[in-house]
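The block underneath contains the structure these notes are about, expressed in structure tokens.
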Amino acid sequence: MLRMENVNAGYGDVQVLWDVSFEVKAREFVVLVGANGAGKSTIMKTISSLLHPTSGTIWFEDQRLDHVQPYHIIDVGIAHVPEARQLFPEMTVLENLEMGSLCARAKPHRKESIEWVLDLFPRLRERRKQLAGTLSGGEQQMCAIARGLMSKPKMLLFDEPSLGLSPLLTQEIFRLASKIHGEGMTILMVEQNVKQTLAICDRAYVLENGRIALEGKGRELLENEEVKQAFLGI
Ligand code: ATP
């Protein structure tokens, strides 16, 4: 569904991604793991067209995405749940959700979509009239994911969803990600939380200094000696 081929990218003169190639098949749950600064968010920004590669190609189904405008991404069916959540703090939960369904594909289905995401996140149903800026960290993360789902995406990009959350809430967010995947959603997630994400994903790539160092099934990588030493402290 999504294919990145030999992508090089960076900021000004600083190259961050070096010849990165990977793919996510339809209905797969793929995770990119790596240490701080490995380039995980840069990959997400490149897919979302917030950053254009200096070379290489990005395909989503039969469309090239490497030099399109960011608004085009939502039209092709990709929803990016960004690292910093970026909700509209002065708007209610419901208003934030509505903002997620502005694209032509999603607008006619707004009502059903709201019911769908409020069923998925009962906590948000309780707090639907609350200002997003006053939600707890975990609730804000749920709201950001729900808003992403409101665009009726074919694929969800999760950028470090556990950032700033307690271990318990992190577990809850990962459980919800698995549930959304179970409903047929294709997911690409970047995470520093290696142990938990490798346990729930189908496949994973390990990113080291902007290069793909390893690839495999999540559970196989959990047993990999390099992964154990580098990320699991074993
Ligand atoms: P983390 O887990 O800490 O969020 P990451 O793997 O997501 O890290 P990136 O945010 O992609 O890493 O950053 C990769 C490298 O690019 C880092 O060295 C970072 O300092 C640099 N970088 C990121 N954003 C910019 C920017 N806007 N301008 C210049 N350099 C940047």
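Bear in mind the structure is a predicted one, so any value in this text is a computation, not a measurement. When a ligand or atom number is given, it counts from 1 through the structure's own listing order.
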Between the CD atom in Gln171 and the CG atom in Asn193, the distance rounded to the nearest 0.5 Å is 10.0 Å

Pick from Ser41, Ala9, Gly210: the one approaching atom 10 (O) of ligand 1 most closely through a non-hydrogen atom
Ser41

Using a 3.5 Å cut-off on N or O atoms only, is Ala38 in polar contact with ligand 1?
yes

Is the number of heavy atoms from other residues, nucleotides or ligands under 6.0 Å of Glu112 CD greater than 12?
yes

Under a 3.5 Å threshold, yes or no: a donor from one side chain and an acceptor from the other, between Ser55 and Asn8?
yes

Are any of the heavy atoms in Met44 under 4.0 Å away from ligand 1?
no

Could any protein non-hydrogen atom be found less than 4.0 Å from atom 20 (O) of ligand 1?
no

In terms of relative ring orientation, are His67 and His52 parallel, tilted or perpendicular, with 30° and 60° separating the classes?
parallel

Closest protein heavy atom to atom 16 (O) of ligand 1, given as residue, atom name and distance to 0.1 Å:
Val16 CG2, 3.3 Å

Heavy-atom donor-acceptor pair, Ser48 side chain to Lys45 backbone, under 3.5 Å
no

Gly34 touching ligand 1 at heavy-atom level, < 4.0 angstrom:
no

Relative to ligand 1, is Thr42 under 4.0 angstrom through side chain, backbone, both or neither, heavy atoms considered?
both

Heavy-atom contacts with Ala35 under 4.0 Å: which atoms of ligand 1 show up? List them by number with element.
6 (O)

If you scan protein heavy atoms around atom 3 (O) of ligand 1, the nearest is Asn36 ND2, 2.7 Å

Heavy atom to atom 17 (C) of ligand 1, shortest distance: which of Gly39, Gly37, Gly10 holds it?
Gly37

Would you tell me whether Ser41 and Glu160 have side-chain atoms, one donor and one acceptor, within less than 3.5 Å of each other?
no

Does the protein place a non-hydrogen atom closer than 4.0 angstrom to atom 23 (C) of ligand 1?
yes

Crowding at CG, Asp19 (>12 non-hydrogen neighbours, <6.0 Å)
yes

Of the protein's non-hydrogen atoms, which lies at the shortest distance from atom 31 (C) of ligand 1, and what is that distance?
Tyr11 CD1, 3.3 Å

Can you confirm whether Tyr11 is buried at OH, in the sense that more than 12 heavy atoms of other residues, nucleotides or ligands lie under 6.0 Å from that atom?
yes

